[in-house]
Structure formats: structure tokens, C-alpha cells
> 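Dropping a structure here in C-alpha cells format, bear with me for questions.
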Protein chains: 2
Amino acid sequence: MVARRKESEEALNQLFRALADSTRRDILARSLTETPSVSDLAARYEMSFAAVQKHVAVLERAGLIKKRANGREQLVSTNRARLKRAGELLDYFESIWRQRMAQLDDVLLPKGK
Amino acid sequence: MVARRKESEEALNQLFRALADSTRRDILARSLTETPSVSDLAARYEMSFAAVQKHVAVLERAGLIKKRANGREQLVSTNRARLKRAGELLDYFESIWRQRMAQLDDVLLPKGK
DNA sequence: TTAACGTACAACCAAATGGTTGCACGTCGA
DNA sequence: TCGACGTGCAACCATTTGGTTGTACGTTAA
């Protein structure tokens, strides 16, 4: 249901790692409402263009953003489905807990009711 | 509301980074339903005790688990509130999007209705 | 047609990460 | 009481990460 069985652990590692950096979270939030070019983004941070470009690449590899070419520009937009997926994953941990508690109930309570 | 304003970016980095490792996610899931000792955990993975201990330390620093001493053992349990927090954070990204869309509506539509 | 722009990528570097082994020390059980 | 157990921590190592500068190359505008 949640786990589409064998969404590689590596992919999840990448997903969460991509979120583990303030600059990347900011890029992500920004690309949620706008569709900035990589240079647009680079202009907003106190680091080199190449550094920002690398952050964008990390987000892209994690599947959290998409790039679309427009002439010489690359326009960045957030992949909301993928972002949502990260949230679901965390909910999943909660659900594991609920499930097991339910199973425990099954053991402790008479079957019928 | 969500952002308790100045939950340090560093803390968020730590939170997501802690989640970005399969072994740690497994420890987390396991500690959600049981309260294993560090050795119990270590026995389940093909790495040294010290390595597992380090993973536990990472989770603890991120606030995702708590340890409780019981004689010579340290019993590990998940801090569900903190885990939930990570999920909320991701929802927050979604909400940013919704908010901005709403603001856009404010601009585009007559005020009253 | 050229200069400037936007991007990609390689080479390099310091610091952090994820693993190891070894040692110290308190606790428990025989 | 004493050996084994559970833990914490330091030292070490290889790899990854997050940053830099420099170069190359297609695109755009004057």
C-alpha cells in the first residue's frame, strides 16, 4: 500500500539526504510556487553558481525537482508527488506502530468482537 | 503555527540526515514497537557494535529516539512526537504551496467573495 | 558575427560520514 | 570475587559531501 515494495532503500536514502540541507529545502520551497532558472536560484544564495547547480542536481537525482530546458535556461519546478511521498513514508512509521498495536489487540482480545 | 519560529535550520538538517540511512530507519521502526537495548539492536545488523552505537547516537542527537538506562543496558525507544514533526514539516511545504495559491487568488479575485 | 549569458562538468580541497579496532569502566551472575 | 556482558569513547581510515575555480559550449541579443 504505502511501500510499492522495493522502492530501493537507496532511493529513500537519497530522498531524505536531499532534504537534509537548508539551501536545498529553500530551493525546493521556492520551486514549489515559481519556476526559477538555475541562475535565478543561484543569485539568491551566497555561494558560487556551481555550488547551487550541485544542490539542484542533488534534488533532481532524488526526484524532488524537474528541470525543463527553455533556450539556454533550465527552469526548475518541484515534483510535488515525490515530496508528498516523503511525507507518506513518515506517516508509514506511525502506521507501523498502529498496526502492531492492532495485532497486539488481536492477541489479547477474543476474536469475534 | 508549524514553524515554532527558529527551530534551527541545523536541527532540521540533523533530523532529515538521521532519516537518510536504511539502518537508522530500521532502528527507528523497531524502536517504535519494542524497547530494545543497544546490544539487541547491534545483534540484528552485520556491522560492529560500535557502528550500531553510532547510528543510535545520531538518532538520539536528532531527537528521534530516547535512551533509558536499565542496569548496564540502555533501552531505546522512539520519540514519536519528533518523528511526527518531520512529517509535519513536509506537509508544511505543501501548505506553503496552498497558501501562495490562495494569496494569488486574493490578487486575482475581487476582495469580497 | 561576436560578446555576454546560462549551463555543465572536471579538478581540487576541507570537513563530515560510516565504518573499523581497541580500551576503559560499571554491572551482573555464578 | 571475578569473569563476562553492555556500553561509551578514542583513534584511525576510506568515501562522500559541499564548497571552490576554471574551462567548454550552446544560445541570445546587439
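First the proteins, then the strands, lettered A, B, ... as listed; each starts at 1.
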> Measure from CD on Glu73(A) to P on dT28(D) and round the result to the nearest Å.
9 Å
> Rounded to the nearest Å, what distance is computed from the CG atom of residue Asn70(B) to the P atom of nucleotide dG26(C)?
18 Å
> Side chains of Arg17(A) and Val58(A): does their closest heavy-atom pair fall under 4.5 Å?
no
> I want to verify a distance call: between dT20(C), dG18(C), dG8(D), whose nearest atom is closest to the Asp21(B) side chain?
dG18(C)
> Would you say dG19(C) has OP1 or OP2 under 4.0 Å from some side-chain N or O of His55(B)?
yes
> Measure the distance from OH on Tyr45(A) to C1' on dG19(D) and round it to the nearest whole Å.
16 Å
> Rounded to whole angstroms, how far apart are CG on Leu59(B) and P on dT17(C)?
13 Å
> Using a heavy-atom cut-off of 4.0 Å across all strands, would you classify Ala42(B) as base, sugar-phosphate, or nothing?
nothing
> Whole Å only: how far is the CE atom of Met47(A) from the C1' atom of dT21(D)?
16 Å
> Taking only N and O in the side chain of Ser48(A), is any of them less than 4.0 Å away from OP1 or OP2 of dG19(D)?
no
> Taking the side chain as every heavy atom from C-beta outward, state whether Thr23(B) and Ile27(B) have any pair of such atoms under 4.5 Å apart.
yes
> Could you give the CZ-to-P distance, from Arg24(B) to dT17(C), as a whole number of Å?
9 Å
> Using heavy-atom distances to pick each residue's nearest nucleotide on DNA chain D, tell me which of Arg17(A) and Arg72(A) is more 5'.
Arg17(A)
> Check whether any side-chain N or O of Lys67(A) sits under 4.0 Å from OP1 or OP2 of dA8(C), and answer yes or no.
yes
> Does Arg25(B) reach the side chain of Asn13(A), with side-chain heavy atoms less than 4.5 Å apart?
yes
> Rounded to whole angstrom units, what separation is found between the CZ atom of Phe49(B) and the P atom of dG18(C)?
18 Å
> As a test of reading the structure: which of dG18(D), dT7(C), dT20(D) is closest to the side chain of Ser37(A), going by heavy atoms?
dT7(C)
> Just call it for Thr23(A): base, sugar-phosphate, or nothing, with non-hydrogen atoms closer than 4.0 Å on any strand.
nothing
> In whole angstroms, how far is the C1' atom of dT17(D) from the CZ atom of Phe16(B)?
19 Å
> Find which nucleotide of DNA chain D each of Lys54(A) and Gln74(B) is nearest to by heavy atoms, and output the residue with the more 5' nucleotide.
Gln74(B)
> Decide, yes or no, whether a salt bridge links Asp40(A) with Arg44(A) under the criterion of side-chain N to carboxylate O below 4.0 Å.
no
> For Gln53(B), answer base if it contacts any base atom (sugar-phosphate contacts may also be present), sugar-phosphate if it contacts only those atoms, and nothing otherwise; contact means non-hydrogen atoms under 4.0 Å.
base
> Which atom pair, heavy atoms only, marks the closest approach of Phe16(A) to Leu19(B)?
CD1-O, 3.6 Å
